[in-house]
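This report refers to the structure that appears directly beneath it.
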Amino acid sequence: MISGLTISHVEGKIEPAALAKQKFPRLNINLDSVNAEGNGVKINYTFVADYYESDEKEAKSVGQIKLGGVVDISDTKENIASMVKRWNEKKTLPPQIAEEVLNALSFRCSASGTLLAYVLGLIPPLVTSTIKIQDTTK
């Protein structure tokens with residue numbers, strides 16, 4: 001269960017001459033590291049919204065919004081040990097935890113990124129769908 005979510009790093013950049021050509025951003029949520037700490041787990045993450053002037057693969061960059069921070073997870077010692085072991089071996093989280101974390105990050109970073117997008121003149125990086133994960137490793 002998520003016990004905390006912190007945004008501790010915010011970056012934004014634009015190419016003002018190309019802003020009129022921007023398309024909806026390409027969004028990425030990266031889980032950078034998973035570490036046991038005390039009675040929980042700390043997950044370091046990076047949320048990136050990349051803006052381009054077209055949908056083509058080699059399109060010119062118009063801007064970028066980047067948010068980073070930590071998600072705190074509270075769970076039993078056994079689940080924490082299992083989660084960290086799985087991360088260290090496969091770089092994945094249990095599907096139920098991954099869904100909870102990615103949906104929380106999607107919502108929080110989209111909302112916070114919208115404020116930054118407004119200041120920079122970018123399209124808000126809003127995500128309106130819920131993330132569902134299937135465990136295909138079984």
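As the structure is a prediction and not an experimental result, all values here were calculated from the model. Because only heavy atoms are used, hydrogens play no part in the values below, and waters and symmetry mates are left out as well, while side chains stay in. Numbers here are sequence positions counted from 1.
- Across all non-hydrogen atoms, the minimal contact from Ser54 to Arg26 is O-NH2, 3.7 Å.
- Separating the CG atom in Leu67 from the OG1 atom in Thr6 is a distance of 12.5 Å, to the nearest 0.5 Å.
- Using modelled atom types, no side-chain atom of Glu15 and backbone atom of Ser61 make a donor-acceptor pair closer than 3.5 Å.
- Of all heavy-atom pairs between Tyr45 and Val71, the closest is CD2-CG2, 3.9 Å.
- Between Ile133 atom CD1 and Ile97 atom CD1 the span is 10.5 Å, to the nearest 0.5 Å.
- Annotation for Ile80 and Asp75: closest pair CD1-O, 3.4 Å, computed over non-hydrogen atoms.
- Taking CE from Met1 and CD from Gln96, the interatomic distance works out to 10.5 Å, rounded to the nearest 0.5 Å.
- Smallest separation of non-hydrogen atoms from Ala49 and Leu27: CB-CD2, 3.5 Å.
- Scanning all heavy atoms of the two residues, the minimum distance from Ala36 to Val84 falls at N-CG2, 3.7 Å.
- With 3.5 Å as the limit, one finds a donor-acceptor pair spanning the side chains of Ser33 and Asn44.
- Enclosure of atom CZ in Phe24 by more than 12 non-hydrogen atoms of other residues, nucleotides or ligands within 6.0 angstrom is indicated.
- Val70 and Leu105 fall into different hydrophobic clusters, where Ile, Leu, Val, Met, Phe, Trp and Tyr side chains are chained together by heavy-atom contacts under 4.5 Å.
- Few gaps surround NZ on Lys91; more than 12 heavy atoms of other groups in view lie less than 6.0 Å from it.
- Between the CG atom of Leu31 and the CD1 atom of Ile43 there is a distance of 6.0 Å, given to the nearest 0.5 Å.
- Heavy atoms only, all atoms of each residue included: Ala117 and Pro125 are closest at CB-CD, 4.0 Å.
- Heavy-atom neighbours of Asn39 CG from other residues, nucleotides or ligands within 6.0 Å: at or below the threshold of 12.
- Side-chain heavy atoms closer than 4.5 Å link hydrophobic residues (I, L, V, M, F, W, Y) into clusters, and following such links, even through other members, never connects Leu126 to Phe47.
- Looking only at side-chain heavy atoms (C-beta outward), Val48 and Asn30 stay at 4.5 Å or farther from each other.
- Phe107 and Val101 are assigned to two separate hydrophobic clusters, defined by single-linkage of ILVMFWY side chains at heavy-atom distances under 4.5 Å.
- Applying the salt bridge (charged side-chain N to carboxylate O under 4.0 Å, His left out) definition to pairs two or more places apart or across chains, those involving residues 36-58 are Lys42-Asp72.
- Both Ile14 and Ile123 sit in one connected hydrophobic cluster of ILVMFWY residues. Membership requires side-chain heavy atoms under 4.5 Å apart, directly or through other members.
- Atoms CG and OH, on Leu19 and Tyr51 in that order, are 10.5 Å from each other to the nearest 0.5 Å.
- Interatomic distance, CE of Met83 versus CG of Asn35, reported as 12.0 Å (0.5 Å rounding).
- A single hydrophobic cluster is not seen to contain both Tyr118 and Val10; linkage of ILVMFWY side chains at heavy-atom distances under 4.5 Å, directly or through other members, places them apart.
- Formation of a donor-acceptor pair under 3.5 Å by the Ser110 side chain with backbone atoms of Ser106 is found in this model.
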